[in-house]
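Nothing here was measured: the structure is a model prediction, and the numbers come from that model. A note on names: the letters A, B, ... follow the listed sequences, proteins ahead of strands, and every chain is numbered from 1.
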Amino acid sequence: MPELPEVEVVRRGLDRWILGRPIETVEVYNPRSIRRHTAGPLHFAEVLTGRTLLAAHRRGKYLWLPTDGGDALVGHLGMSGQLLVQPPDAPDETHLRARIRFAPDDGRDHENRELRFVDQRTFGGLSVEPLPVPGNAVDHWDRENVPPSIAHIARDPLDPNFDPDAFAVALRRKRTGVKRALLDQTLISGVGNIYADEALWRAQLHYARPTESLTGPQIRRLLDAVRDVMLEALEQGGTSFDALYVNVNGESGYFERSLAAYGRADQACPRCGTLIRRDAFMNRSSYTCPKCQPRPRRARW
DNA sequence: ATGTAATCCTGTGAGC
DNA sequence: TGCTCACAGGATTACA
């Protein structure tokens with residue numbers, strides 16, 4: 001599943017390949033993939049046509065691309081979404097939901113690639129939304145230019161303006177388990193089930209540990225773990241930047257090779273050899289090492 | 001304020 | 001072989 005590192009890989013691909021040329025056509029094949037766009041998929045296509053995408057920004061798992069019209073193309077990949085930059089003659093993908101074609105770049109037709117939104121489970125979606133302060137974006141961390149549907153999303157751990165102390169205070173104020181808090185995108189964004197489990201394993205914390213009982217050093221260790229695991233995943237996912245293809249399938253190499261806990265039920269913990277255990281958690285799964293991450297006496301989840 | 005459960009979806013694989 | 005069912009899970013919504 002695309003979490004922050006995968007989405008950042010996509011952002012870099014979009015930043016490199018699809019900015020600066022007017023959109024010529026927009027085709028929507030599944031209206032469900034146009035979400036939050038209250039005026040509907042037809043309007044989505046209409047308003048986007050003729051616009052030029054100026055930049056590619058990200059917060060947590062959300063992407064947004066400001067246009068020369070003062071609004072932005074907003075995207076979330078959900079569980080199975082991909083944004084692919086493809087040559088026009090590439091065969092349509094099975095779950096192709098939308099296609100955006102750009103005006104040719106005189107004489108350089110070989111670079112005239114199109115943007116495709118592919119999404120098997122259609123939990124992801126695209127929309128066009130107004131930007132509060134148009135045309136003012138300095139970098140992709142700029143808070144003032146966040147579209148309305150992303151306004152409630154907290155800064156993510158790779159954002160230079162992410163405030164660890166404020167996070168620690170907000171975290172301890174919550175009366176919940178630490179993993180639930182990690183997955184709360186209004187507290188910290190970009191963390192999904194996979195990286196939550198990996199970070200907790202690295203920080204040697206159990207998912208049901210009550211947030212208010214966490215010490216300052218433990219929170220710092222946890223944050224470092226979140227950042228490290230994401231940066232490592234990003235390094236490995238980054239190898240596909242040159243491929244004229246934006247890799248988003250949630251299998252950034254890292255996925256298969258480097259996971260210590262997630263998805264490894266009944267396999268040896270890389271740190272101590274104890275068998276990793278799988279618990280039901282929030283309609284999904286949590287993976288822990290019973291020895292490195294003992295369940296707290298007062299558990300909360 | 002916080003927790004719980006249902007909802008949205010489809011491909012995969014296990015079990016019968 | 002073919003059916004059924006559990007499962008994967010992010011974000012939002014409704015309800016407790």
Side-chain angles (χ1 to χ4, degrees), chain A residues 1-8 10 28-38 41 58-64 74-83 92-98 117-127 129 146-154 156-157 169-200 207-214 226 230 233 248-252 255-256 259 261-266 276 278-287 298-301:
Chain A
M1 323 307 137
E3 299 182 27
L4 188 151
E6 291 77 22
V7 179
E8 173 62 14
V10 177
V28 176
Y29 307 111
N30 186 338
R32 283 197 184 280
S33 292
I34 309 304
R35 316 207 136 192
R36 306 160 187 274
H37 193 95
T38 40
R58 180 190 56 74
R59 171 170 292 184
K61 305 170 197 169
Y62 282 89
L63 292 163
W64 77 98
V74 179
H76 194 289
L77 301 175
M79 312 234 343
S80 55
Q82 296 173 268
L83 281 166
D92 286 4
E93 292 76 7
T94 306
H95 301 292
L96 180 63
R97 308 303 189 192
F117 184 64
V118 178
D119 191 7
Q120 177 201 110
R121 280 175 263 186
T122 67
F123 277 25
L126 304 174
S127 63
E129 298 178 30
V146 174
S149 73
I150 306 181
H152 66 292
I153 300 294
D156 61 64
V169 171
L171 182 68
R172 271 197 285 245
R173 247 202 306 262
K174 288 271 178 193
R175 296 267 165 68
T176 187
V178 63
K179 181 172 174 182
R180 195 178 275 278
L182 278 182
L183 297 177
D184 181 348
Q185 304 294 304
T186 66
L187 213 56
I188 181 171
S189 69
V191 185
N193 204 37
I194 296 164
Y195 292 99
D197 275 5
E198 289 304 300
L200 288 168
Y207 59 84
R209 178 69 183 271
T211 49
E212 70 268 27
S213 77
L214 290 168
V226 170
M230 284 181 167
V248 203
N249 50 16
E251 294 161 27
S252 58
F255 207 76
E256 291 117 51
L259 298 177
Y262 181 85
R264 300 190 65 249
D266 301 321
I276 298 289
R278 170 180 180 265
D279 294 330
F281 176 87
M282 285 173 78
N283 262 341
R284 59 196 77 173
S285 298
S286 272
Y287 299 88
R298 282 180 49 248
R300 220 197 258 282
W301 62 95

Peer 1: Within this structure, what is the CG-to-C1' distance between D184(A) and dT12(C), rounded to whole angstrom?
Peer 2: 13 Å
Peer 1: Look at the side chain of Q185(A) and decide which nucleotide, out of dG3(B), dA8(C), dA11(C), has an atom nearest to it.
Peer 2: dA11(C)
Peer 1: Using a 4.0 Å heavy-atom cut-off across all strands, classify R175(A) as base, sugar-phosphate, or nothing.
Peer 2: sugar-phosphate
Peer 1: Taking for each residue the nucleotide of DNA chain B with the nearest heavy atom, is it H95(A) or R35(A) whose nucleotide lies nearer the 5' end?
Peer 2: R35(A)
Peer 1: Send over the distance from I34(A) CD1 to dC8(B) P, rounded to a whole Å.
Peer 2: 19 Å
Peer 1: So does T122(A) get a side-chain nitrogen or oxygen closer than 4.0 Å to the phosphate oxygens (OP1/OP2) of dT10(B)?
Peer 2: no
Peer 1: Under the rule for side-chain contact (heavy atoms from CB on, under 4.5 Å), what residues qualify as partners of K61(A), not counting sequence neighbours?
Peer 2: V7(A), H76(A), Q185(A)
Peer 1: State whether the side chain of T122(A) and the backbone N or O of S33(A) hold a donor-acceptor pair below 3.5 Å, judged by distance alone.
Peer 2: no
Peer 1: What does S80(A) touch in the nucleic acid at a heavy-atom separation under 4.0 angstrom: a base, only the sugar-phosphate, or nothing?
Peer 2: nothing
Peer 1: Please report the distance, rounded to the nearest Å, between CD1 in I150(A) and C1' in dA11(C).
Peer 2: 13 Å
Peer 1: Quick one: do the Y29(A) and D92(A) side chains pair a donor with an acceptor below 3.5 Å?
Peer 2: no
Peer 1: Rounded to the nearest Å, what distance is computed from the CZ atom of residue R36(A) to the P atom of nucleotide dT12(C)?
Peer 2: 5 Å
Peer 1: In terms of side-chain geometry, is the basic nitrogen of K179(A) or D197(A) positioned less than 4.0 Å from the acidic oxygen of its partner?
Peer 2: yes
Peer 1: Looking at dA8(C), does its base get a donor-acceptor pair with the side chain of R121(A) below 3.5 Å?
Peer 2: yes
Peer 1: How far does CG of L200(A) sit from CZ of R209(A), to the nearest 0.5 angstrom?
Peer 2: 11.0 Å
Peer 1: Between V191(A) and S285(A), just flag the one whose closest nucleotide in DNA chain C comes earlier from the 5' side.
Peer 2: S285(A)
Peer 1: Measure from CZ on R264(A) to P on dA8(C) and round the result to the nearest Å.
Peer 2: 17 Å
Peer 1: Please report the distance, rounded to the nearest Å, between CE in M282(A) and C1' in dA11(C).
Peer 2: 10 Å
Peer 1: Within this structure, what is the OH-to-P distance between Y287(A) and dC7(C), rounded to whole angstrom?
Peer 2: 11 Å
Peer 1: Of the candidate nucleotides dA11(C), dC8(B), dT10(B), which contains the atom at the shortest distance from the side chain of H76(A)?
Peer 2: dA11(C)
Peer 1: Tell me which nucleotide among dC8(B), dC7(C), dT10(B) gets nearest to the side chain of R97(A).
Peer 2: dT10(B)
Peer 1: When you check the phosphate oxygens OP1 and OP2 of dG10(C), does a side-chain N or O of K61(A) lie under 4.0 Å from one of them?
Peer 2: no
Peer 1: Closest to the Q120(A) side chain: dT10(B), dC7(C), dT12(C)?
Peer 2: dT10(B)
Peer 1: To the nearest angstrom, how far is K179(A) atom NZ from dT2(B) atom C1'?
Peer 2: 19 Å
